[in-house]
Structure formats: C-alpha cells, structure tokens
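Predicted model, so just to flag it, every value in this text is computed and none were measured.
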Amino acid sequence: MTGLDLECCDPLYMAHAIRLAERGRYTTDPNPCVGCVLVRDGRVVGEGWHHRAGEPHAESLALRQAGEEARGATVYVTLEPCSHQGRTPPCADALIGAGVARVVCAMIDPNPRVSGRGIERLRQAGIVVELGCLEAEARALNPGFVKRHEQGRPYVRCKLGASLDGRTALATGESQWITSEAARRDVQRWRARSSAIVTGVGTVLGDDPRLNVRLTAAELPGMDPEAPVRQPWRVVVDSYWRTPPGARLLGLPGRTLIAGIGPINETATGLEAAGAELIRLPEHNGRVDLVALMTELARREVNEVLLEAGATLAGAAVRAGLIDEILLYQAPCLLGQAARGLFDLPGINTLADRIDLEILEVRHIGVDLRIRARPKL
C-alpha cells in the first residue's frame with residue numbers, strides 16, 4: 001500500500017483506536033482512555049488500549065503484540081505519546097526504540113508535563129508525526145481529563161430524574177421512584193465512569209443515598225467480567241457538618257469527602273471517626289464555594305463529576321457556571337404544580353434572563369426519555 005493510500009485510511013484506523021480506547025472507560029481513571037493501532041503493509045500488526053492507572057499504556061501493549069513487525073509501521077494513537085517517566089516508561093521512547101516510521105496522533109496531551117514534548121521527541125528521532133485526525137472524537141473520549149488540565153476543573157454532569165412536567169419529587173419530598181428501573185440502571189453506568197459523585201446534605205438527610213456503583217463488571221460495556229468495579233468518590237456539600245455519622249454512604253467501600261465551611265466541631269469529629277474525610281473550603285453567600293470545591297477536586301485528579309442533588313445545589317452549580325452537561329431522565333407521568341422543581345434559579349424574571357441549552361441527544365431508556373443537554377456559551 002502506498003503512502004497516499006495509507007493516508008486515505010487514517011480515519012479508519014484512528015476510529016478503530018478510539019473504539020479500543022473506549023474499552024477503558026470504567027477503569028483508567030484518573031488516567032485518560034487511550035487506544036493505539038499499529039499498521040504495516042496494510043495490515044493491523046498490533047493494537048492495545050490503556051486498561052488502568054499504573055499498568056502499561058496503549059502504545060506499549062500494541063508494540064508488544066506487533067513485535068518485530070513494528071519496525072517501519074504507522075502508529076495510530078488517540079492521545080500524544082507520553083514523554084516522561086511516571087509509573088510506566090515514556091511511550092515516545094518505546095516507539096522510537098521499536099523503529100516505527102510514522103505516528104498519526106489525534107490530539108496533543110493537555111497535561112503540561114507532556115504537552116507537545118512527546119511529539120517533539122518523535123520528530124527529533126526522524127519519525128513523521130501528523131496531528132489532528134479525528135481530534136474532536138478523541139477529545140470526547142476524555143472530557144474530564146481534558147478540562148482538568150486545560151481549565152483546572154473537572155467536567156461536571158448534572159443528573160436529574162423528573163416527571164414530564166419537570167418535577168423531581170412531591171412537596172413532601174417523596175421521589176422513589178419517579179423514573180423506571182431501566183433509567184436507574186443507566187444512571188449506574190454514568191456513575192461507573194465518574195471520578196466522583198457530588199450531592200448536598202439535604203439529599204443525604206432526605207433520602208440517605210448510597211451513591212455507589214451497584215453493577216457488576218459484566219454489566220458494564222467493554223469491561224473484563226472478572227475485573228473489580230471502581231467506586232467513585234462520594235462528596236457531600238455540607239456547610240455545617242449536618243451529615244449523620246450513620247449515613248449509608250459512610251459505611252461503604254471507597255472514599256467519602258464532606259466539604260464544609262464551619263469550624264471542626266464535635267459533630268465533624270464524629271464524621272471523621274465514621275470514615276469521612278473533611279475538607280474546609282471558602283464560603284460564598286454563607287455556603288460552600290462550589291468553584292473552590294471543583295478546583296480542589298481537580299487538584300486531587302478528579303476528572304468527571306456526576307452531580308446528583310436537589311434543586312438548591314443544582315441551581316447553585318448552574319449559576320456558578322460549573323455545569324458542562326445536564327443528564328435528564330423524564331418519566332411519562334405528571335406530578336403537578338405543588339411538586340418540587342429541577343433547579344432553584346432566582347432572578348429569571350424575563351425571557352431575556354433565561355438560560356439557553358443545546359440538546360445533544362434524546363433517546364428512550366425503557367419507558368423514560370433521556371435528554372442530554374449543555375448550557376450554550
């Protein structure tokens with residue numbers, strides 16, 4: 001196959017690398033999902049994807065499979081090969097040592113420890129490097145990893161379940177269950193890909209949620225059925241440490257963080273004894289500063305946040321400009337005007353004040369609708 005023919009096939013091979021990368025969706029955090037394909041003489045001679053943090057990167061696995069056939073091959077990789085020594089050796093050096101001829105890279109790594117350095121090292125070694133093939137699709141693989149490194153905050157999805165008239169609970173607070181079992185199982189998959197689930201103390205006091213992933217690995221697409229399921233961090237926004245020490249989310253495996261602004265009192269000490277990690281943050285209008293919270297989570301390598309909260313916290317996150325995506329499950333029922341709404345958004349008095357959204361996707365999940373939308377910039 002000629003060089004021109006191979007270039008025409010670049011999107012095809014990169015699409016395969018992206019599909020491989022998706023197999024690490026539930027396991028690589030806080031690392032990005034990455035896929036790699038090696039092609040020589042029109043044949044795929046090696047492929048791999050990053051399985052989990054601390055294990056070999058996609059390029060290393062693909063090179064291992066290709067063996068000697070890697071020499072002179074073209075490499076398709078969804079993210080710039082790393083150039084620094086971390087828990088694994090630099091992938092750029094491995095590609096150079098294997099004698100590959102050309103590297104097609106979908107996007108530059110936004111991590112400042114890498115950004116552009118891996119590309120430069122490959123070029124200095126005489127390897128042809130081309131950038132930008134299916135870049136948008138590659139960025140979509142890792143929205144949290146990209147945003148954390150580019151903006152210093154995680155990617156935040158706000159998950160809501162509501163009736164067709166936009167009500168999340170009755171006036172009494174009763175809400176279990178508005179949406180179907182199929183919708184709730186779908187939420188479990190979004191939890192499984194998230195680094196952290198954030199809720200408010202009002203939800204903890206009212207619903208006593210567990211905020212954990214309750215699917216097995218066999219129920220998560222692309223996962224090894226025998227692999228352990230990673231539990232996201234549980235984060236409670238609780239300005240004055242009102243979370244009960246007996247709350248269900250404190251008795252589960254994994255980390256629970258409680259973010260507040262009040263002094264560490266006897267109640268807070270009881271939460272620490274129950275296994276919670278307390279974070280004191282700046283206040284904003286008498287409550288936890290949500291921007292400070294998200295900045296702190298990003299500092300701790302949290303990539304994707306799933307916000308599962310009531311109207312007060314959800315509305316505050318919207319007003320703070322922190323919501324990247326809304327994940328709304330709408331059930332075919334009506335709850336009436338006395339029931340609770342989706343967002344507490346004071347100050348919207350005219351249509352000119354409204355918050356416009358862009359619909360990304362609408363699909364049926366069981367009997368419910370799942371609407372994905374994002375605020376328009």
Looking at P209, is its backbone amide N or carbonyl O close enough to the side chain of D207 to form a donor-acceptor pair, meaning the two atoms are under 3.5 Å apart? no
In terms of hydrophobic clustering (I, L, V, M, F, W, Y; side-chain heavy atoms under 4.5 Å; direct or indirect links), are L293 and L278 co-clustered? no
One thing to verify: whether D10 and R102 come together as a salt bridge, which I'm taking to mean a side-chain N less than 4.0 angstrom from a carboxylate O. yes
Does a side-chain heavy-atom distance below 4.5 Å link V318 with P375? no
Applying the 4.5 Å side-chain criterion to the ILVMFWY set and letting contacts propagate, would L322 and I279 be lumped into a single cluster? yes
So does I18 get a backbone contact from the side chain of T78, meaning a donor-acceptor N/O pair under 3.5 Å? no
For residues N142 and N303, is any side-chain donor paired with an opposing acceptor at under 3.5 Å? no
Would you name the heavy atoms of A21 and L141 that are closest together and state the gap between them? CB-CD1, 3.7 Å
In terms of relative ring orientation, are H57 and H50 parallel, tilted or perpendicular, with 30° and 60° separating the classes? perpendicular
Knowing that exactly one of R117, Q124, R123 qualifies, which makes a side chain to side chain donor-acceptor pair (under 3.5 Å) with E120? Q124
Under the 3.5 angstrom rule, does the side chain of S115 hit a backbone N or O of D109 as a donor-acceptor pair? yes
From the list K147, R374, R157, salt bridge (Lys or Arg N to Asp or Glu O under 4.0 Å) with D324 holds only for K147
Run R234 and T256 through side chain to side chain donor-acceptor pair (under 3.5 Å) and show every step you take. CA-CA 5 Å; R234 298 173 291 275; T256 300; 3.1 Å; yes
Check whether any side-chain heavy atom of P81 sits under 4.5 Å from a side-chain heavy atom of R121, and report yes or no. no
pair V75-C105: side-chain heavy atoms closer than 4.5 Å: no
Using the test side chain to side chain donor-acceptor pair (under 3.5 Å), find all partners of S180 that sit at least two apart in sequence or belong to another chain. D368
Which heavy atom in E150 sits nearest to a heavy atom in P110, and how many Å separate them? CG-CB, 3.9 Å
Sorted by chain and number, sequence neighbours left out, side chain to side chain donor-acceptor pair (under 3.5 Å) with R43 holds for E69
Which value, rounded to the nearest 0.5 Å, describes the distance between R287 atom CZ and L313 atom CG? 9.0 Å
Without swapping roles, check the side chain of W241 against the backbone of G262 for a donor-acceptor pair under 3.5 Å. yes
Indicate yes or no for a side-chain donor-acceptor contact from Q65 to the backbone of E47 under 3.5 Å, with no hydrogens or angles considered. yes
Of all the heavy-atom pairs spanning A98 and L63, show the shortest one and how long it is. CB-CD2, 3.6 Å
Whether the side chain of R167 engages the backbone of L334 through a donor-acceptor N/O pair (distance < 3.5 Å, no angle test) should be reported. no
Ignoring hydrogens and geometry, is there a side-chain-to-backbone donor-acceptor pair from S239 to V288 under 3.5 Å? yes
Working to the nearest 0.5 angstrom, can you tell me the gap between L38 CG and R64 CZ? 13.5 Å
Qualifying residue for side chain to side chain contact (heavy atoms under 4.5 Å, CB included) with L335, from L164, T168, L170: L170
Test of understanding: clusters of I, L, V, M, F, W, Y form through side-chain heavy atoms closer than 4.5 Å, transitively. Do V77 and V44 belong to the same one? no
Between F343 and L160, is any pair of side-chain heavy atoms under 4.5 Å apart? yes
Hphob cluster co-occupancy, V198 + L328, side-chain heavy atoms under 4.5 angstrom: yes
Polar side-chain atom of D165 near backbone of G336 as donor-acceptor pair, under 3.5 Å: yes
Under the criterion side chain to side chain contact (heavy atoms under 4.5 Å, CB included), I'd like the reasoning laid out for K159 against Y329: C-alpha separation, chi angles, the key distance, then a yes or no. CA-CA 8 Å; K159 188 279 295 183; Y329 295 84; 4.0 Å; yes
For the pair F145 and H149, name the ring-plane relationship: parallel under 30°, tilted 30 to 60°, perpendicular over 60°. perpendicular
How about V305 and M294: do any of their side-chain heavy atoms sit closer than 4.5 Å? yes
In this structure, would L61 and V37 fall into the same cluster of hydrophobic residues linked by side-chain contacts under 4.5 Å? no
Is it the case that over 12 heavy atoms from other parts of the model lie below 6.0 angstrom from the CD atom of E181? no
Considering only heavy atoms from C-beta outward, does the side chain of W190 approach that of L327 to under 4.5 Å? yes
Report yes if the side chains of V291 and H284 come closer than 4.5 Å at any heavy-atom pair, otherwise no. no
Measure from the side-chain N and O atoms of R319 to the backbone N and O of D344, and report whether any donor-acceptor pair falls under 3.5 Å. yes
More than 12 heavy atoms of other residues, nucleotides or ligands under 6.0 Å from CD of E358: yes or no? yes
Before you tell me yes or no, could you show the steps for D238 and V204 under side chain to side chain contact (heavy atoms under 4.5 Å, CB included), namely the whole-Å CA-CA distance, both residues' side-chain angles and the distance that decides it to 0.1 Å? CA-CA 9 Å; D238 180 6; V204 174; over 6 Å; no
Start with the C-alpha gap between L252 and Q231, add the side-chain angles, then the distance that decides, and say whether side chain to side chain contact (heavy atoms under 4.5 Å, CB included) holds. CA-CA 10 Å; L252 297 171; Q231 290 293 337; over 6 Å; no
Taking atom CD of E361 as the centre, does the number of heavy atoms from other residues, nucleotides or ligands within less than 6.0 Å exceed 12? yes
Identify the heavy atoms of G72 and A101 that sit nearest to each other, and give their distance. O-CB, 3.7 Å
Let me see the working for E272 and T269 under side chain to side chain donor-acceptor pair (under 3.5 Å), right down to the final yes or no. CA-CA 5 Å; E272 287 184 310; T269 302; 4.6 Å; no
In this structure, CG of L306 is separated from OH of Y155 (nearest 0.5 Å) by 11.5 Å
Contacts of Y26 that satisfy ring-ring contact (aromatic ring centres under 6.0 Å, His included) - sequence neighbours left out: none
Are the side chains of M14 and E137 in contact, using a 4.5 Å heavy-atom criterion? no
Testing the basics here: between R52 and A227, what is the closest heavy-atom pair and its distance to 0.1 Å? NH2-CB, 3.8 Å
Between E219 (side chain) and T216 (backbone), is there a donor-acceptor pair under 3.5 Å? yes
Please report the interatomic distance CZ(R354) to NZ(K376), rounded to the nearest 0.5 Å. 8.5 Å
So which heavy atom on A217 is nearest to which on D224, and how close? CB-O, 3.3 Å
